[in-house]
Amino acid sequence: MSKNLTWKGMLASSLGVILLMSGCSSTEDDSAIESDPFYQDALVSADLSLLNQYWSIYEVNYQQQTAEIPKTYGNCDRDFFTFLNDGVYKDYLIPNSACIPEEQNLQWRFDKGVITLENSFKDYNEMVIVKLTVDQFVFKAKYDFDDDGEEEIFQFLAKPYRPNEAYFYGNSLIKDEAVTNKIKLTWSEYQGINNFEKYEIYLSDQTCELAKSTLVATITDKGTTVYEDADPPVETFFCYFLKVYTDKGLLFTSYSVGISPEYLDVKGVNLQQPVVQNEKIFLQWEKYDGLYFSHYEVVVKNYLGGSGSIYQEKTLLEISDINTTNFTDETPPYIKNPVYEIRVHNKFGKQNYYNPQAIISAREANYLPEKVIDLQNIFDIAHSPDETVVYLNGGKHNINDTYIIRYNYVTRRVEAVSNTKTNPNGNGRNGLTVVNSSIGKELMYLKYDGITVFDQETLKFKYDLKLNNYGSLDDFIYLGNGRYILLDAQYVYTVSRDFANLTLLDKQEHFSQGQSQSGYHVLQINEGRIIIGNRDKAQSVIFNIDASGNLTDKMIIDIPITARTSKETVFNPRDNTIINFRENRIYSLLSGSLKSFEQPYLPLAINADGRKILGTNNDPEWNIDPESLHEKKVRTLDLINSNLSLIETEGYPHYLFENHLGQIISLSTYFKRQNPNYAYERPDFFTEIVK
């Protein structure tokens, strides 16, 4: 030979590959075979059942020289092979120091002491059996070792071998990260050398200790390499282990796989389009087909999605039966086109609310409840003193598309809409007033440049009342006998009216120059007097008005008349007091005494006889969020005995008054609002008789 024989180098590849490298088909006849020394001494009567075990080559003989075949890598198993009864030859080669064998499969057949190995390309070579017993397998094979084109004959000694399967099975237990809505574990199928018996799945607590684990599944099908835990514990963290058993016993125990179930997604269910019929809304959805079901939550909300104070919702029902997939809302919410959503909760406390697929679970109902007033926002409010009617200046489509409507809160009908567009009043207070004079009952709307007059029944525009040479109007009141008080940032005016014409009777400066240019407010008090204040002033001005309409006897008093978004200071003729709603204080005009009250926190009105303050504890400065302390209650304070009464309401009150029938009427919203002029695209205003 031209080079030294190194048996380890020769066997660096699997035996099947070695034999196939010559890869030519034989054309020799039987006589040639009989004379070929390669086929001599073939064991034609070999017991082939002995081949069905694992063998490893320990020696090789060439030209009467014998050498041992060591392990390819000293820290690993040996290379080994086997013949299966189904005609499959398996060859296991350790390619590197990782000790994980690579497997190659060939087909084998036996004839007259010769084993023929063949690959899928029909390349083949032969092994001649020389000896085959339970503990020895001696065979010959041809191999062109020195690349001279001539194949040499080698004789190999193989012995039974029991490899350590744990070396090549590996730690294959993993969580399937592609599946996000359930616990799915996968592992490699057992392809080892022994007879498979079972897989076992163990569950451990948050310590991830095998000693504290419990058997939760036994799988005897070798090809089943998936486990889905349908009933895991309700814990924040736990672990799984895999054990693999063969007929030789426990082969392998995996490392632990930790699970945090709070991160499992919950698949949304498809909600069909809500059906509205006879003031009821019917919901139908598909059954949840995921794992870990806890309950359905039926939610109504004002928008399909979003965040912030504008997005609000209410839970209507929780359903713990997974097979219950319908619900009829027999008392639909007081909101235009409410959005219904079916949320699925799992037993770990997770819901599909944050899942992008949740959009399939929410649908808008095409519905306007009879009680809902179809306005997105309301800027100004006034009530009729002798009818069950309120006048509302608001926007139906946007804040710049505002009109006044006449709304009957008993029949729940819009009886009239102004035939001219109004603009939001920017003077910081309610600009609507019902005036009953010798001309008749009219609705007046305060603007910067005058007062717009509407027919109070039809809301048809009549005319504008304007006075020459005055600044932007801040306030006005009707004194009776055809006389009015007009107020701007510097002067107070008394005027008489003849339909659309105003005649100036008197003009006086109220506060000195240099005061605030807005926020002025005037009240009529008894004995023909008026009081004028400013939202930023601690003092107010009083004038007497004589029979000719002249303003006389100007006097400064230490009583503030303040305002934010409405007339927040009122005169109570019952006891000649000024009640400042912004400060929660009561000032006596007779004695000059002062007293305070704590509740209601947000006073809104006094009743008809001046005995009670009507209000709520809902602070308009509060942020709108689920945790805010807004309440559906009206609070009334009796000014005689200081008794505080609470009255439950259907909605959140925003405007309160006592009507001519002695009933407390509330303009409420179904969801929370800071104030009525804050626009929502889905109206939820309604009126309610709270007492």
Side-chain angles (χ1 to χ4, degrees), residues 373 377-385 389-394 407 409 425 428-434 475 521 523 533 535 560-574 577-587 596-622 624 628-639 642-670 672-678 685-691:
I373 302 169
N377 54 345
I378 297 174
F379 291 98
D380 306 292
I381 307 170
H383 65 275
S384 173
V389 166
V390 291
Y391 298 92
L392 308 172
N393 177 31
Y407 182 75
Y409 51 82
N425 195 335
R429 61 177 53 86
N430 187 4
L432 287 178
T433 305
V434 178
D475 203 0
H521 184 30
L523 294 173
R535 65 188 178 196
I561 296 181
T562 57
R564 282 181 293 195
T565 58
S566 62
K567 293 181 178 179
E568 294 172 316
T569 306
V570 297
F571 171 68
N572 190 352
R574 186 186 64 82
T577 57
I578 298 290
I579 305 178
N580 188 313
F581 289 163
R582 190 173 185 182
E583 295 180 344
N584 283 33
R585 288 180 172 180
I586 302 173
Y587 299 89
S596 301
F597 58 93
E598 183 178 6
Q599 293 191 54
Y601 179 81
L602 183 68
L604 294 172
I606 59 173
N607 71 333
D609 64 8
R611 175 168 178 155
K612 293 181 180 180
I613 294 177
L614 314 178
T616 78
N617 273 15
N618 297 332
D619 187 344
E621 301 295 328
W622 285 344
I624 303 298
S628 65
L629 300 177
H630 292 80
E631 59 182 19
K632 296 180 179 180
K633 292 183 177 69
V634 168
R635 295 174 180 256
T636 66
L637 176 65
D638 192 307
L639 294 174
S642 298
N643 288 338
L644 182 70
S645 299
L646 276 67
I647 307 171
E648 300 287 339
T649 56
E650 292 184 277
Y652 298 98
H654 290 275
Y655 180 81
L656 296 169
F657 65 93
E658 185 178 277
N659 67 7
H660 60 291
L661 302 175
Q663 300 168 318
I664 296 178
I665 308 300
S666 172
L667 177 70
S668 304
T669 56
Y670 183 78
K672 300 175 182 179
R673 287 197 195 209
Q674 290 177 323
N675 51 66
N677 64 22
Y678 193 86
F685 291 107
F686 65 98
T687 56
E688 51 180 318
I689 301 173
V690 298
K691 187 176 181 179

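Heads up: numbering here begins at 1 and tracks the sequence. As the structure is a computational prediction, the values presented were derived from the model and not from experiment.
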Engineer: Any luck finding a side-chain donor-acceptor pair between His654 and Thr669 under 3.5 Å?
Structural biologist: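 Yes - a donor-acceptor pair under 3.5 Å links their side chains.
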
Engineer: Any chance you could measure Ile664, atom CD1, to Lys612, atom NZ, to the nearest 0.5 Å?
Structural biologist: 6.5 Å

Engineer: Do the non-hydrogen side-chain atoms of Thr577 and Leu639 ever get within less than 4.5 Å of each other?
Structural biologist: no

Engineer: Leu661: what forms a side chain to side chain contact (heavy atoms under 4.5 Å, CB included) with it, not counting sequence neighbours?
Structural biologist: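 Leu661 satisfies side chain to side chain contact (heavy atoms under 4.5 Å, CB included) with Thr388, Asn659, Gln663 only.
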
Engineer: Please round to the nearest 0.5 Å and tell me the distance separating atom OH of Tyr655 and atom CD1 of Ile381.
Structural biologist: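 Rounded to the nearest 0.5 Å, the OH-CD1 separation comes to 6.5 Å.
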
Engineer: Under the side chain to side chain contact (heavy atoms under 4.5 Å, CB included) test, which residues partner Ser645, sequence neighbours left out?
Structural biologist: Thr636

Engineer: Test of understanding: with ring-ring contact (aromatic ring centres under 6.0 Å, His included), list the residues that count as partners of Tyr678, not counting sequence neighbours.
Structural biologist: Tyr680

Engineer: Sequence neighbours left out, what pairs pass salt bridge (Lys or Arg N to Asp or Glu O under 4.0 Å) with at least one residue falling in residues 650-664?
Structural biologist: Lys371-Glu650

Engineer: Does Ile579 form a side-chain contact (heavy atoms from CB on, under 4.5 Å) with Ile613? I'd like the steps, not just the answer.
Structural biologist: CA-CA 9 Å; Ile579 305 178; Ile613 294 177; 4.1 Å; yes

Engineer: Quiz question: by atom type and distance under 3.5 Å, do the side chains of Ser628 and Lys672 form a donor-acceptor pair?
Structural biologist: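 Yes.
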
Engineer: Can you measure from CZ (Arg673) to NE2 (His630) and round to the nearest 0.5 angstrom?
Structural biologist: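 Separation between the atoms: 12.0 Å.
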
Engineer: List for me each residue that meets side-chain hydrogen bond (donor to acceptor under 3.5 Å, both in side chains) alongside Arg574, sequence neighbours excluded, and say none if there are none.
Structural biologist: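 Not a single residue meets the side-chain hydrogen bond (donor to acceptor under 3.5 Å, both in side chains) criterion with Arg574.
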
Engineer: So do the side chains of Val570 and Leu523 get within less than 4.5 Å of each other, counting heavy atoms only?
Structural biologist: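 No, side chains not in contact.
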
Engineer: Going by atom types alone, do Asp380 and Asn393 pair a side-chain donor with an acceptor below 3.5 Å?
Structural biologist: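 Result is yes, a qualifying pair exists.
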
Engineer: Step by step, work out the side-chain contact (heavy atoms from CB on, under 4.5 Å) result for Leu614 and Leu604.
Structural biologist: CA-CA 6 Å; Leu614 314 178; Leu604 294 172; 5.6 Å; no

Engineer: Can you confirm whether Ile578 sits close enough to Thr569 that some side-chain heavy atom of one is under 4.5 Å from a side-chain heavy atom of the other?
Structural biologist: yes

Engineer: Can you confirm if the NZ or CZ of Lys633 lies within 45° of the ring axis of Tyr652 and under 6.0 Å from the centre of its six-membered ring?
Structural biologist: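 The answer is no, since Lys633 fails at least one limit relative to Tyr652.
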
Engineer: Whether the side chain of Asn572 engages the backbone of Gly610 through a donor-acceptor N/O pair (distance < 3.5 Å, no angle test) should be reported.
Structural biologist: yes

Engineer: On a heavy-atom basis, which atom in Tyr601 and which in Asn617 lie closest, and how many Å separate them?
Structural biologist: N-OD1, 2.9 Å

Engineer: Which atom names give the shortest non-hydrogen contact between Ile373 and Leu667, and what distance separates them?
Structural biologist: CD1-CD1, 4.0 Å

Engineer: Does the side chain of Pro603 reach to within under 4.5 Å of the side chain of Phe597, using non-hydrogen atoms?
Structural biologist: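 Of all side-chain heavy-atom pairs linking Phe597 with Pro603, at least one is under 4.5 Å.
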
Engineer: Side-chain contact test, heavy atoms from C-beta onward, threshold under 4.5 Å: evaluate it for Ile586 versus Ser596 and give yes or no.
Structural biologist: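 They are not in contact (no side-chain heavy atoms under 4.5 Å apart), so the answer is no.
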
Engineer: List the residues meeting side-chain hydrogen bond (donor to acceptor under 3.5 Å, both in side chains) with Asn607, not counting sequence neighbours, and say none if there are none.
Structural biologist: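 Counting only residues at least two positions away or on another chain, Asn607 forms a side-chain hydrogen bond (donor to acceptor under 3.5 Å, both in side chains) with Asp609.
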
Engineer: Ignoring hydrogens and angles, tell me if any N or O in the side chain of Thr616 forms a donor-acceptor pair with the backbone of Asn618 under 3.5 Å.
Structural biologist: yes

Engineer: Taking only residues two or more places apart in sequence, or in another chain, which ones meet Ser668 in a side-chain hydrogen bond (donor to acceptor under 3.5 Å, both in side chains)?
Structural biologist: Ser666, Glu688

Engineer: Got a sec, which residues hit side chain to side chain contact (heavy atoms under 4.5 Å, CB included) with Pro560, two or more places apart in sequence or on another chain?
Structural biologist: Thr562, Asn580, Glu583, Tyr587

Engineer: Output, in order, the C-alpha distance, side-chain angles, deciding distance and verdict of side-chain contact (heavy atoms from CB on, under 4.5 Å) for Glu568 and Arg535.
Structural biologist: CA-CA 10 Å; Glu568 294 172 316; Arg535 65 188 178 196; over 6 Å; no

Engineer: Taking side-chain hydrogen bond (donor to acceptor under 3.5 Å, both in side chains) as the definition, give me every residue that meets it alongside Arg635, ordered by chain and number, with sequence neighbours left out.
Structural biologist: Gln599, Glu631

Engineer: For Phe581 and Ala605, work out which heavy atoms get closest and say how close.
Structural biologist: CE1-N, 3.6 Å

Engineer: If you compare all heavy atoms of His521 against all heavy atoms of Asp475, which two are closest, and at what distance to 0.1 Å?
Structural biologist: ND1-OD2, 2.7 Å

Engineer: Is the closest side-chain heavy-atom distance between Ile665 and Ile689 below 4.5 Å?
Structural biologist: yes

Engineer: Is any side-chain heavy atom of Val390 less than 4.5 Å from a side-chain heavy atom of Ser384?
Structural biologist: no

Engineer: State, yes or no, whether a side-chain contact exists between Gln674 and Trp622 at a heavy-atom distance under 4.5 Å.
Structural biologist: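 Not in contact.
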
Engineer: What are the two closest non-hydrogen atoms of Pro653 and Val634, and how far apart are they?
Structural biologist: CG-CG2, 3.8 Å

Engineer: Where do Leu432 and Tyr391 come nearest, in terms of heavy atoms and distance?
Structural biologist: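 Nearest pair, atom of Leu432 first, then Tyr391: CD1-O, 3.6 Å.
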
Engineer: For His383, enumerate each residue passing the ring-ring contact (aromatic ring centres under 6.0 Å, His included) test, keeping only those at least two apart in sequence or located in another chain.
Structural biologist: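 Partners of His383 by the ring-ring contact (aromatic ring centres under 6.0 Å, His included) criterion, ordered by chain and then number, come out as Phe657.
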
